[in-house]
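Report on the following structure.
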Amino acid sequence: MLENAKKITVIGGGIWGQTLANLARLNHLAVRVWSRHTGEDLGAIIADTEVIISAVSIKGVVPTIEKLQQLQLNSRIIIVTATKGLEPITTRTPFHLWNQAFPANPLVVLSGPNLAKEINQGLPAATVVASYLQKAAILLQKLLSGESFRVYLNSDPLGTELGGTLKNVMAIASGVCDGLQLGTNAKSALLTRALPEIVRVGTCLGGCQETFFGLSGLGDLLATCNSPLSRNYQVGYQLALGLSLPEILAKLEGTAEGINTTEVLMRIAQEKNLYVPITCQVDRLLRGEISPQVAVYELMRRDLKAEFD
Ligand SMILES: NC(=O)C1=CN([C@@H]2O[C@H](COP(=O)(O)OP(=O)(O)OC[C@H]3O[C@@H](n4cnc5c(N)ncnc54)[C@H](OP(=O)(O)O)[C@@H]3O)[C@@H](O)[C@H]2O)C=CC1
Ligand SMILES: O=C(CO)COP(=O)(O)O
């Protein structure tokens, strides 16, 4: 057994929480999944746990932190955050929120091109575990790596987290591009221009530039922007087909974090004076202010500029 069969608690019984739990089980680890709906006592579950993986969506992060604070978490427990979102009130990332709440606990970010349904089919995938404490990241790498899941180390938790968060906005744009059948040239241009927009925001918020060219940045951008399995992509695609956002959300399986992230990101961009043209059009589209066709027109008719500036 690996690492003396570390006991792991996954918080969040959504598809990503279940998938991460299954990956750990493949390594014969003792894993419990806690969900709000099971009625189980979280305090009893974490009493002997050594690793907590939070796989809740962004709206669950603060409630989860508050619940754990009431339980007076042992400072030896490694906390892993796998959420891809920005908290709407503070505009902070989950890494910041967890770090602020539990400064004494080792904290690891897990993020990468990881469409849960593919991983559940046993298809090969890679991810990144990032921490300022290399020892904690190495432990997570060992606990989750397997024949079909390759885990890389990174020492930039913020950049790793922001790559996975910011690409969700671009996945909505990419779904629109495909839904409107704009072609391969348009899609390539969109994704290539999306990356510097992600880098601009991500580095301003504290991520390292290099990280955004890795698995959790470019890697996840490519995965999510090209897959109908992505909920964010599905939102964009269906908007392009003429459905309204409430109609889409009524039938969507799971969370499309990019909707909230777009709104929060627009506030950050305005406050920090960041140029985010794609996000801006996605925001107006999600608000119902413009049609998908106008969003494309607005992107194309901007002032001409140099490619790199
Ligand atoms: N699906 C995927 O392929 C991947 C998803 N992610 C990210 O992981 C996160 C979860 O995604 P996913 O599992 O797909 O989402 P789902 O919509 O399937 O599940 C949502 C999860 O969030 C929890 N949650 C929601 N609201 C609250 C709340 N108020 N309090 C406590 N918990 C709450 C739910 O908990 P409960 O079980 O108690 O209802 C559930 O576990 C997202 O940030 C997503 O971007 C990252 C990589 C891959
Ligand atoms: O983050 C993901 C893949 O890496 C999942 O994407 P969606 O949340 O858009 O389904």
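Ligands are counted one by one from 1 in listed order, and the atoms in each one are counted from 1 as well. Bear in mind that the values here come from a model prediction, so they are computed numbers and not experimental data.
For a threshold of 3.5 Å applied to N or O pairs, the pair formed by G13 and ligand 1 contains at least one separation below that value. At least one N or O atom of T255, backbone or side chain, sits closer than 3.5 Å to an N or O atom of ligand 1. Between I15 and ligand 1, at least one pair of N/O atoms sits closer than 3.5 Å. Where the criterion is an N or O separation shorter than 3.5 Å, residue side chain and backbone included, G14 meets it with respect to ligand 1. At a 3.5 angstrom cut-off on N or O pairs, A116 counts as close to ligand 1. Checked against a 3.5 angstrom limit, the closest N/O atoms of H37 and ligand 1 fall inside it.
Side-chain atoms of W34 never come within 3.5 Å of backbone atoms of V10 as a donor-acceptor pair (strictly under, hydrogens ignored). The closest donor-acceptor contact from the side chain of S216 to the backbone of G112 lies at 3.5 Å or more, if one exists at all.
Only the side chain of K84 comes within contact range of ligand 2, with a heavy atom under 4.0 Å; no backbone atom does. At a heavy-atom cutoff of 4.0 Å, ligand 2 is contacted by both the backbone and the side chain of N232.
Counting heavy atoms from C-beta outward, E161 and P94 have side chains that approach closer than 4.5 Å. Counting heavy atoms from C-beta on, the side chains of L245 and V235 come closer than 4.5 Å. Contact check for L110 versus V128: no side-chain heavy atoms found under the 4.5 Å cut-off. Looking at L20 and L23, their side chains come closer than 4.5 Å, going by heavy atoms from C-beta outward. A heavy-atom distance below 4.5 Å is not found between the side chains of I77 and F102.
Scanning the protein for heavy atoms near atom 10 (C) of ligand 1, the closest one is A55 O, 3.3 Å. Closest protein heavy atom to atom 22 (O) of ligand 1: S57 N, 2.8 Å. Closest protein heavy atom to atom 10 (O) of ligand 2: R231 NE, 2.4 Å. In terms of protein heavy-atom proximity, atom 9 (C) of ligand 1 is closest to V56 O, 3.6 Å. Protein heavy atom in closest approach to atom 11 (O) of ligand 1: W16 CB, 4.0 Å. Nearest non-hydrogen protein atom to atom 4 (O) of ligand 2 is D220 OD1, 2.6 Å. Summary of contacts: the protein heavy atom closest to atom 48 (C) of ligand 1 is N114 O, 3.0 Å.
In summary, the atoms of ligand 1 found under 4.0 Å from a heavy atom of G254, numbered by their order in the structure, are 17 (O). Every atom of ligand 1 is numbered from 1 in the order shown, and the set under 4.0 Å from a heavy atom of T83 is 43 (O). Close approach to L115 involves these atoms of ligand 2, each under 4.0 Å from a residue heavy atom: 3 (C). Residue contact check: G112 has heavy atoms under 4.0 Å from atoms 4 (O) of ligand 2. In the vicinity of A82, heavy-atom distances shorter than 4.0 Å reach the ligand 1 atoms 7 (C), 8 (O), 46 (C). Every atom of ligand 1 is numbered from 1 in the order shown, and the set under 4.0 Å from a heavy atom of S35 is 36 (P), 37 (O), 38 (O). Close approach to K59 involves these atoms of ligand 1, each under 4.0 Å from a residue heavy atom: 26 (N), 29 (N). Residue-ligand proximity, L115 to ligand 1, at heavy-atom distances under 4.0 Å covers atoms 3 (O). Near N114, the atoms of ligand 2 lying under 4.0 angstrom from a non-hydrogen atom of the residue are 3 (C), 4 (O).
Each of E271, M266, Q270, K272 was scored for a side chain to side chain contact (heavy atoms under 4.5 Å, CB included) with I268, with one residue passing: K272.
Around the CG atom of D309, the shell of radius 6.0 Å holds more than 12 heavy atoms that belong to other residues, nucleotides or ligands. Around atom NZ of K305, more than 12 heavy atoms belonging to other residues, nucleotides or ligands sit under 6.0 Å away.
At least one heavy atom of K167 sits less than 4.0 Å from an atom of ligand 2. Remark: distances from the non-hydrogen atoms of R231 to ligand 1 include one below 4.0 Å.
Evaluation of the ring pair (Phe, Tyr, Trp, His ring centres under 6.0 Å) test over residues 117-159, restricted to residues two or more places apart or in two chains, returns F95-Y132.
Residues L144 and I52 do not share a hydrophobic cluster, clusters being chains of Ile/Leu/Val/Met/Phe/Trp/Tyr side chains in contact below 4.5 Å. Cluster membership for Y297 and L299, using ILVMFWY side-chain heavy atoms within less than 4.5 angstrom, is not shared.
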- Item | Candidate pair M170 and T279, rule side-chain contact (heavy atoms from CB on, under 4.5 Å), full reasoning | CA-CA 7 Å; M170 304 308 169; T279 308; 3.9 Å; yes
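Closest approach of R200 and P277 over heavy atoms only: NH1-CD, 4.1 Å.
Using a cut-off of 4.0 Å between Lys/Arg side-chain N and Asp/Glu carboxylate O, K59 and E257 are scored as not salt-bridged.
Within the set E257, R36, K117, the minimum heavy-atom distance to atom 42 (C) of ligand 1 is found for E257.
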